[in-house]
Amino acid sequence: MAGHALRRAAPALGVAVLGAATFAVLRHVDPYSPDSLLPPCPIHAMTGLFCPGCGSTRALHALAHADLATAWQMNPLLVLALPLLAMMLLRAAMPAAMPRRLLPLPGARSWLWAIVLFTVARNLPWPPFETLAPG
Amino acid sequence: MNSRQPPIANHLVWAILVTLFCCLPLGIVAIVYAAKVDSLAAAGQYAEAQDAADKAKWWSLASAFSLVGLIVLYVLFVMLLGLGGAVLGA
């Protein structure tokens with residue numbers, strides 16, 4: 001029984017540990033520095049297009065410094081997604097604490113639409129869409 | 001016999017995480033499969049739903065490993081550039 005509960009909570013615990021490590025790194029490493037070892041987005045480096053993840057590192061860096069405005073500027077979808085993902089992980093860990101009826105979370109189909117539309121929109125070169133591109 | 005089927009995990013969280021952090025279209029494929037899991041399970045096609053769940057997991061893993069591979073290539077590239085610059089500059 002305890003093993004089962006631990007198994008169910010493992011994804012949430014794993015992401016929490018990864019998140020804490022990311023926070024610690026981004027408190028000390030500056031992604032804007034030209035000799036930063038943090039990798040740029042390979043898709044943008046190769047194609048010049050913005051993928052749904054472009055700006056994620058800078059957005060997390062801003063969040064680690066409590067700068068929500070900059071984080072939103074870099075990747076608004078990430079800022080919206082993080083609390084939802086946290087709730088999805090918590091629900092998987094403790095289904096009883098977060099019943100589906102009280103807290104409906106978007107399903108896979110909604111996520112797919114959101115990500116595809118966001119990706120197209122942030123590559124459009126005219127306002128207001130260009131504000132969705134990082135930087 | 002109880003026909004109530006335990007829910008099949010669609011691995012959606014991982015698919016979204018790799019899409020937002022790995023910059024690779026592979027994550028989108030994982031989300032498409034995650035969406036299939038729910039609709040197939042709702043239609044009672046549990047074997048197909050399980051198959052889609054496995055594929056969603058596989059594509060998320062593929063995306064995560066591709067990112068690691070790309071970062072290794074990128075670091076090698078930067079190191080080679082630095083080495084080349086040092087040799088040429090000397």
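Order of the sequence lines fixes the chain letters, A, B, ..., with proteins taken first and strands second; residue numbering starts at 1 for each chain.
- A side chain to side chain contact (heavy atoms under 4.5 Å, CB included) with Ile16(B) holds for exactly one of Leu84(A), Leu112(A), Leu85(A); it is Leu85(A).
- Between Pro52(A) and Leu20(B), the shortest heavy-atom distance links the atoms O-CD2, 3.7 Å.
- Linking ILVMFWY side-chain heavy atoms closer than 4.5 Å, directly or via other members, places Val79(A) and Ile115(A) in a single hydrophobic cluster.
- Residues Ala108(A) and Ala34(B) come closest through the heavy atom pair CB-C, 3.8 Å.
- Residue Leu80(A) is not grouped with residue Trp113(A) when hydrophobic side chains (ILVMFWY) are merged at heavy-atom distances under 4.5 angstrom, including chains of intermediate members.
- Note: Ile31(B) leads Leu17(B), Ile31(B), Leu73(B), Val37(B) in heavy-atom pairs under 4.5 Å with chain A.
- Heavy-atom neighbours of Arg109(A) CZ from other residues, nucleotides or ligands within 6.0 Å: at or below the threshold of 12.
- The closest side-chain heavy-atom distance from Phe21(B) to Leu78(A) is below 4.5 Å.
- Linking Ile, Leu, Val, Met, Phe, Trp and Tyr residues whenever their side-chain heavy atoms come within less than 4.5 Å places Met94(A) and Val13(B) in a single cluster.
- Residue Leu18(A) is not grouped with residue Leu82(A) when hydrophobic side chains (ILVMFWY) are merged at heavy-atom distances under 4.5 angstrom, including chains of intermediate members.
- The part of Leu70(B) that comes within reach of chain A is its side chain, from C-beta onward, which places non-hydrogen atoms under 4.5 angstrom from that chain.
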Q.
Quick one, Ile28(B) with Trp111(A), criterion side chain to side chain contact (heavy atoms under 4.5 Å, CB included). Give me CA distance, side-chain angles, the key distance, then yes/no.
A. CA-CA 10 Å; Ile28(B) 306 272; Trp111(A) 281 99; over 6 Å; no

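- One hydrophobic cluster holds both Leu68(A) and Leu77(A) under the rule that ILVMFWY side chains link at heavy-atom gaps under 4.5 Å.
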